[in-house]
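Scroll down for the structure; my scribbles are underneath it.
Every chain is numbered from 1 and lettered A, B, ... according to where its sequence line falls, protein lines coming before strand lines.
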Number of protein chains: 2
Amino acid sequence: MTTLDQSFAALADPTRRALIARLAEGEATVQDLARPFSISQPAISRHLKVLEDAGLIETRIEGTARPRRLKPEAVAELWDFLGQYRALWDVQFQRLDAVLDGLAAHEQGTPEKPKGGHDGE
Amino acid sequence: MTTLDQSFAALADPTRRALIARLAEGEATVQDLARPFSISQPAISRHLKVLEDAGLIETRIEGTARPRRLKPEAVAELWDFLGQYRALWDVQFQRLDAVLDGLAAHEQGTPEKPKGGHDGE
DNA sequence: ATTCTATATAACGAGTTCATTATAGAGTCA
DNA sequence: TGACTCTATAATGAACTCGTTATATAGAAT
């Protein structure tokens with residue numbers, strides 16, 4: 001039942017993540033998607049089926065072509081799941097924040113962001 | 001190479017997500033973790049190894065016990081990955097946002113997201 | 001030392017994944 | 001119609017996953 005199973009499993013494959021990255025730029029056919037990869041067209045079609053079964057993409061029919069597009073709203077469930085643990089992460093860093101405060105503000109704009117600045121609500 | 005592979009694969013298993021949920025409440029030994037499940041201790045130990053290899057948990061040694069604890073900072077990478085696609089999702093919902101704006105601002109700082117209502121297992 | 005407890009590891013089997021090649025089906029074009 | 005293109009599906013094999021039981025290891029308690 002859990003679609004989290006399918007979604008996480010779908011994203012566990014680097015080829016599928018690359019397909020998603022490509023689709024983030026816009027609709028693409030199987031041909032378009034297969035071209036940059038060194039794997040066969042049937043393999044791509046199967047990856048796309050996995051992504052679609054997970055609800056991450058959807059298919060439109062146009063002649064013989066089947067352009068795929070992202071369904072970004074599918075990310076919501078994963079986002080919420082991770083959000084639970086990101087909250088813990090923030091809590092952990094609250095202590096670190098205190099330490100950093102004690103060390104005085106000696107640097108600004110370091111690669112590490114003590115104040116969890118990851119999302120954009 | 002990508003640890004995203006390991007992280008997503010680790011989270012694709014419902015037993016492992018349950019282990020993580022338990023660890024979110026605090027450190028726990030293998031015994032603690034195995035008790036609520038109907039699977040064997042070796043199976044739990046292997047799940048924990050998968051989670052640790054993915055960087056999602058860490059182990060402390062205390063006598064013969066090996067209490068595990070969450071490493072919530074490991075969520076950052078996954079969070080960032082999903083964040084790319086959540087941004088697309090936000091764009092899609094900008095039209096909906098406009099509608100909601102029209103309905104007046106009735107709440108501030110709610111935990112619910114614009115399209116809330118997702119469960120967490 | 002012996003025994004008990006906590007955990008890890010090995011060996012195995014069923015099921016799944018991911019690639020391949022070969023082929024089928026549907027739409028387009030001459 | 002026949003030939004061509006785009007995509008899906010079937011058959012197959014290697015590798016991995018996830019459970020099991022049996023056993024090994026390490027520390028604690030007696």
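Regarding B:Lys49, its NZ atom lies at a distance of 10 Å from the P atom of C:dA10, rounded to whole Å. In this structure, the CD1 atom of A:Ile44 is 12 Å from the C1' atom of C:dC18, given to the nearest Å. Atom P of nucleotide C:dA6 and atom CZ of B:Arg35 are separated by 8 Å, given to the nearest angstrom. For the pair B:Ile57 CD1 and C:dT7 P, the interatomic distance rounds to 12 Å; values are reported in whole Å. Nucleotide C:dA19 holds its P atom 10 Å from the CG atom of A:Leu19, rounded to whole Å. When the P atom of C:dT17 is taken as reference, atom CG of A:Asp13 falls 11 Å away, rounded to whole Å. Following rounding to the nearest Å, A:Gln6 (CD) and C:dT16 (P) show an atom-to-atom distance of 13 Å. Between A:Gln41 atom CD and C:dA22 atom C1' the separation is 12 Å, expressed in whole Å.
Along DNA chain C, the nucleotide nearest A:Gly63 and the nucleotide nearest A:Thr15 are compared for position; the residue whose nucleotide lies closer to the 5' end is A:Thr15. Along DNA chain D, the nucleotide nearest B:Pro42 and the nucleotide nearest B:His47 are compared for position; the residue whose nucleotide lies closer to the 5' end is B:His47.
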Intermediate values then yes/no, side chain to side chain contact (heavy atoms under 4.5 Å, CB included), A:Val30 and A:Arg68: CA-CA 8 Å; A:Val30 173; A:Arg68 291 346 203 265; 3.3 Å; yes
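Residues B:Ala54 and B:Ala10 share a closest heavy-atom pair of CB-CB, 4.0 Å. The nearest pair of heavy atoms linking A:Leu23 to A:Leu70 is CB-CD1, 3.7 Å.
When heavy atoms are screened at a 4.0 angstrom cut-off, B:Ala43 is found touching base atoms of the nucleic acid. Within 4.0 Å (heavy atoms only), A:Ser38 reaches sugar-phosphate atoms of the nucleic acid but no base atom.
Side-chain proximity of B:Thr64 to C:dA6, C:dA8, C:dA26: nearest is C:dA6. Nearest nucleotide to the B:Ser45 side chain, out of C:dT9, C:dA19, C:dA22: C:dT9.
A distance of 9.0 Å separates CG of A:Leu11 from OH of B:Tyr85, quoted to the nearest 0.5 Å. Separation of atoms CD1 (B:Ile20) and CD (A:Gln84) is listed at 10.5 Å; rounding is to 0.5 Å.
Reading DNA chain D from its 5' end, the first and the last nucleotide to sit under 4.0 Å from a heavy atom of chain A are D:dC6 to D:dT9.
A sub-4.0 Å separation between OP1 or OP2 of C:dT7 and a side-chain N or O of B:Gln31 is present. Phosphate contact (OP1/OP2 of C:dA8, side-chain N/O of B:Arg68, threshold under 4.0 Å): present. The phosphate of C:dA10 (OP1 or OP2) has no side-chain N or O of B:Arg46 nearer than 4.0 angstrom.
Side chain of A:Arg66 to backbone of A:Thr59: no donor-acceptor contact under 3.5 angstrom is found. Checking side-chain atoms of A:Thr3 against main-chain N and O of A:Gln6 turns up no donor-acceptor pair under 3.5 Å.
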